[in-house]
S.K.: 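Quick one: structure below, then a few questions.
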Amino acid sequence: MIRECWSPSLRRPTAPHFRVTPVQGHLGSGTPRFRDTPVQGHPGSGTPRFRDTPVQGHPGSGTPRFRDTPLSPNNAVHHSTTAPSCSLCGSMPIGGCPSRAAFLPTATLGHRSPRHHTLVRGGSRPSPTFSARTRFPTRAVVAMASPPPSPITFVTGNANKLSEVQAILSTGDPPLVITSKALDLPELQGTPAAIAEAKARAAVEAVGGPVLVEDTSLAFSALGGLPGPYIKWFLEALGVDRLGTLLAAHEDKSAHAVCTFAYCGGVGQPVTVLEGRTPGVIVEPRGETRFGWDPVFQPDEGGGRTYAEMPAAAKNAISHRGRALAKVRAFLHTGGGGGGSDDS
Ligand SMILES: O=c1nc[nH]c2c1ncn2[C@H]1C[C@H](O)[C@@H](COP(=O)(O)OP(=O)(O)OP(=O)(O)O)O1
Ligand SMILES: [Mg+2]
């Protein structure tokens, strides 16, 4: 079986730009996954973007590290304000609602850096039910076009990711409706595609319906692609100011940001993986320290600015996340997600 995806700019596709090809026997899942296989004429199709690399189970990966409790509609309204989040990586601490926010011990979150999750506005500790780490706006509803699969839930523990995804999907053509759920899913070691797929499988078990997840990498050319999907831990260990020291001994400061989305329509259904990437260089930090490694990543197409120096819309227009979401939108709106598209 081959599914085909088209450029998002084409409402009625006329020419396939890439194919989403099933791959068997990945991670012992028993069901095929799909990988995004470059074909003729697709930008960046010169080399395969995914490699099938066996992934070993990561200790403790079998279960989510944090539990979450579904919010009632009332809660969703109550939490409609912006939740506090880690100023460095965007992770959201317990109590996304400012009126109920509380401190969460750094160790509980697996964050070793004291700069993470230390500032959370007042309120008491949540009830034991909320051993999950966060509450945050759980409704990311935007205008609905031709409905892809019923509500798609974007599962992430990162408030900054969520807001970028909301902004991109709501302004895109066609717009896409998503809801969201704050869960910190287990992350395996392996390729970005393998990690994203495993996150999707964990997410679909937790949500029970169509889910979208993503995993973000920052790959340094001089280091053979590392930190890659492990950037989160390097960022936490070094802080954004010292991230560049990893390249101190190298002249080549080039890097690329990669966003790997994985979509799964339901429990037991195949996972589709779609990737966006943006090339750039690692520089001394410049701009607002708001989201992860934005201050040290200067995209080649950014006019000399770092991501952190760019307005949100400018970043989204060329970002790894924007590019990946363009593919996600095209995939879903051409019936790839199993929803009611008439494109055949
Ligand atoms: O556009 C971005 N600009 C700057 N930094 C970024 C970006 N996107 C992700 N990041 C950071 C967040 C995390 O430190 C690491 C990715 O790790 P990653 O596991 O994908 O994210 P996460 O754990 O925060 O959220 P999630 O619950 O969706 O896995 O890079
Ligand atoms: Mg993560």
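Start at 1 and go down the list; that is how both ligands and their atoms are numbered.
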S.K.: Quick one: which of Glu164, Arg290, Glu187 has a heavy atom closest to atom 19 (O) of ligand 1?
M.R.: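 Residue with the shortest heavy-atom distance to the ligand atom: Glu187.
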S.K.: Charged N to carboxylate O under 4.0 angstrom, Arg290 versus Glu309?
M.R.: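 No, this pair does not count.
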S.K.: Salt bridge (charged side-chain N to carboxylate O under 4.0 Å, His left out) between Glu275 and Arg321: does it pass, once the steps are laid out?
M.R.: CA-CA 8 Å; Glu275 176 200 276; Arg321 185 164 292 107; over 6 Å; no
S.K.: Give the atoms of ligand 1, by number and element, whose distance to some non-hydrogen atom of Arg321 is under 4.0 Å.
M.R.: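 Those of ligand 1 that fall under 4.0 Å from Arg321 are 1 (O), 2 (C), 7 (C), 8 (N), 9 (C).
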S.K.: Using a 4.0 Å heavy-atom cut-off, which part of Asp215 comes near ligand 1: side chain, backbone, both, or neither?
M.R.: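 Contact part for Asp215 vs ligand 1: both backbone and side chain.
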S.K.: Donor-acceptor pair, distance only, cut-off 3.5 Å: does the side chain of Ser319 make one with the backbone of Gly322?
M.R.: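 Judged by distance alone, yes, a pair lies under 3.5 Å.
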S.K.: Using a strict threshold of under 4.0 Å (side-chain N to carboxylate O), is an ion pair present between Arg201 and Glu205?
M.R.: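 The answer is no: the pair does not qualify as a salt bridge.
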S.K.: Examine all N, O or S atoms of Glu187, backbone included, and report whether one is under 2.8 Å from the Mg ion (ligand 2).
M.R.: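 Yes, within the cut-off.
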S.K.: Of all the atoms in ligand 1, which lie at a distance below 4.0 Å from a heavy atom belonging to Lys161?
M.R.: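 Those of ligand 1 that fall under 4.0 Å from Lys161 are 18 (P), 20 (O), 21 (O), 22 (P), 25 (O), 26 (P), 28 (O), 29 (O).
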S.K.: Has the side chain of Ser221 got a donor or acceptor atom that lies under 3.5 Å from a matching backbone atom of Ser254?
M.R.: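 Answer holds: yes.
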S.K.: Please identify which atoms of ligand 1 are closer than 4.0 Å to at least one heavy atom of Leu235.
M.R.: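 Going through ligand 1 atom by atom, the ones under 4.0 Å from Leu235 are 14 (O).
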S.K.: Side chain or backbone, does Gly157 bring an N or O within less than 3.5 Å of an N or O on ligand 1?
M.R.: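 In this structure, Gly157 places an N or O atom under 3.5 Å from an N or O of ligand 1.
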S.K.: Applying a heavy-atom cut-off of 4.0 Å, say which part of His320 lies close to ligand 1: side chain, backbone, both or neither.
M.R.: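 It is the side chain that gets close, since no backbone atom is under 4.0 Å.
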S.K.: Can Arg277 and His320 be counted as having a side-chain donor-acceptor contact under 3.5 angstrom?
M.R.: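 Their side chains do not contain a donor-acceptor pair, so the 3.5 Å distance test is not met.
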S.K.: For ligand 1, note which part of Lys315 has a heavy atom under 4.0 Å away: side chain, backbone, both or neither.
M.R.: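 Side chain only.
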S.K.: Does even one non-hydrogen atom of Glu236 get within less than 4.0 Å of ligand 1?
M.R.: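 Glu236 does not count as a contact of ligand 1 under the 4.0 Å cut-off.
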S.K.: As an exercise, identify every atom of ligand 1 less than 4.0 angstrom from a heavy atom of Thr156.
M.R.: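 Selected atoms, number and element: 25 (O), 26 (P), 27 (O), 28 (O).
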S.K.: Geometry only, no angles: is Tyr307 polar-contacting ligand 1 at N/O separations under 3.5 Å?
M.R.: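 In fact, backbone or side chain, Tyr307 has no N or O that close.
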S.K.: Output yes when a side-chain donor or acceptor of Lys315 lies under 3.5 Å from a complementary backbone atom of Ala308, and no otherwise.
M.R.: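 The answer is no, because no donor-acceptor pair under 3.5 Å joins these two groups.
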